[in-house]
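Atom set for the values below is all heavy atoms of this structure, side chains included, hydrogens, waters and symmetry mates excluded. Numbers for residues simply follow the sequence, beginning at 1.
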Amino acid sequence: MATPSVSEKDAHVDSRVEDAASTLDYTLNKWRFPGVLGLVILNLAGGLSWPWFGSISTQTSADFHISINQVNWLGNVVSLVFLPASIATTLLCSRYGTRGCCFMSAALLAIAGWVRVAGTASGLSPQGAYALLLIGQVLSGIAQPAFQVSGPRFSEAWFDFNGRTTATMVISVANPVGSALGQLFPSLVASTRFSILILAIISTAAFPAAFLIYSQPPSPPTYSGSQPAPPPLSTIRALIGRPRGGARSFPLRARLDFAILTFSFGIYVAAANGLSLLTAQLFGPYGYSSSESGLFGATLILAGLVATAIMSPLLDRVFTRYTTMTLKVATPLLGLSWLSLIWAVRPNNTGGLFAVMAIAGVISLTLLPLTLEIACELVRDAETSAAILWSSSNVLTVVFVLVEDALTAGADASPPFNMRNASIFVAAFTCAAAFLLVLGFRGLAESRRSLDAARESAERATKEIE
């Protein structure tokens, strides 16, 4: 017998919704807000680690007697371990719930901080100190996915369809905001070793935030929130067209759309992450200080934060049927902003660079929760879709950083060691991703939102009859 597809299963939505409305009491629980706060705090702390050495790469290289390439790997390794760690996170969340997974990851994040502090001890050889710094970064990279991957699933489990995008926005942008702070804080501290101690204290202080997070409310807020998450491996098999037995499947169009979404999301996040890790190397050759470089990177995130705070509620309540259109309009603008960076990076152009960073940040962070929510709509599995998208972004971040580092000009260039070729590389890929999204992404009906809206209508009709 043929395996039913997602679209075929949705033919039974009306009857399932009416049955659900008669047997379940859908309510919004007030504990959802402390849970969001807990995930925000942990995402902020988790986002600090990987760009921490980016704006102080030259100072770190001198203080620990290691190469700039070794300093770059302190950031790369966090992204590199994300893929296996995110897979483990989805399995842990399905077994122990969001709360248990966040507790384990918060503890690991605190341990990572103090392992890095151990690497600052006097008397250690450069190799020994670097090994401890690297181990601390690996541990923080293992811990970080739990806070990012849990966001869309937490929103689905605790919020109705009029608040999910906003909740996802608040949780998902906390990590980039933490990254922005991770670029800014180290450049404001005189000593590299003292900045590492500050990072350990922050990571430890964030641990109690895990107590605010619960896996499920007593009563679900929507029909989709009442459904258990499907097994991660089942979703992955369906996405590659290899479902087993009577497991659900996806039509080819949905699989292609998800692949395009995953690739484009990975490119745009990798472009921003690469900038965060290489700020000093990108702007330094043109006469900008470490503090100015950190501010450029922070501007990208903080400008985006303001824009996302405005746009997400509008997408939740006003432009609910225009998410795909918003995606197709915004991505070409983002590609153009990265293209303009090729000419904007020049001496004495502080105002122009702040403007380009702000525009790129506004579009990038607006697209972040929007893409995560569209992915959830496509595959109806919040945790697995988020894990795949974030894994794509972290793997591509490593690729981008390595390629950009390899494209750095030599000592005989003007100016020496400039990264103009690296900027061209980033612009080419971001524009290509925009082209692919505009022409290749079709998008599907928002089945999850339709289920919840139909449930709400059925429940309202039932109450009116009574």
Inset, instruction - Side-chain contact test, heavy atoms from C-beta onward, threshold under 4.5 Å: evaluate it for L44 versus L48 and give yes or no. - result: no

Using a 3.5 Å cut-off and no angle test, enumerate the donor-acceptor pairs between side-chain atoms of residues 68-85 and protein atoms at least two apart in sequence or in another chain.
{"residue": "Q70", "atom": "OE1", "partner": "S67", "partner atom": "N", "Å": "2.9"}
{"residue": "Q70", "atom": "OE1", "partner": "S67", "partner atom": "OG", "Å": "3.4"}

Legend entry - Heavy-atom closest pair, residues W52 and S195: CZ2-O, 3.0 Å

Inset, instruction - Tell me, please, which residues at least two apart from S140 pass side-chain hydrogen bond (donor to acceptor under 3.5 Å, both in side chains). - result: none

Legend entry - Non-hydrogen side-chain atoms of I142 and L108 separated by less than 4.5 Å: yes

Side chains of residues 344-360: which donor-acceptor pairs under 3.5 Å do they make with residues two or more places apart or in other chains?
{"residue": "R346", "atom": "NH1", "partner": "W343", "partner atom": "O", "Å": "3.0"}
{"residue": "N349", "atom": "ND2", "partner": "A344", "partner atom": "O", "Å": "2.7"}

Legend entry - Validation row: F263, S392 side chains within 4.5 angstrom (heavy atoms): no

Legend entry - side chain to side chain contact (heavy atoms under 4.5 Å, CB included) partners of S264, counting only residues at least two apart: I260, Y268, A433, L437

Inset, instruction - Using the six-membered ring wherever Trp is involved, compare the ring planes of F33 and F159 and label them parallel, tilted or perpendicular (cut-offs 30° and 60°). - result: perpendicular

Inset, instruction - Compute the ring centroids of F250 and F258, then answer whether they are less than 6.0 Å apart. - result: no

Legend entry - Short side-chain donor-acceptor distance under 3.5 Å, T98 and S150: no

Per-pair distances, 0.1 Å, donor-acceptor, side chain in residues 422-430, under 3.5 Å, sequence neighbours excluded:
{"residue": "S423", "atom": "OG", "partner": "M419", "partner atom": "O", "Å": "3.3"}
{"residue": "T430", "atom": "OG1", "partner": "V426", "partner atom": "O", "Å": "3.0"}
{"residue": "T430", "atom": "OG1", "partner": "A427", "partner atom": "O", "Å": "3.1"}

Legend entry - Partner residues of S86 under the side-chain hydrogen bond (donor to acceptor under 3.5 Å, both in side chains) criterion, sequence neighbours left out: S391

Inset, instruction - Would you indicate whether the side-chain heavy atoms of L239 and T235 approach each other to under 4.5 Å? - result: yes

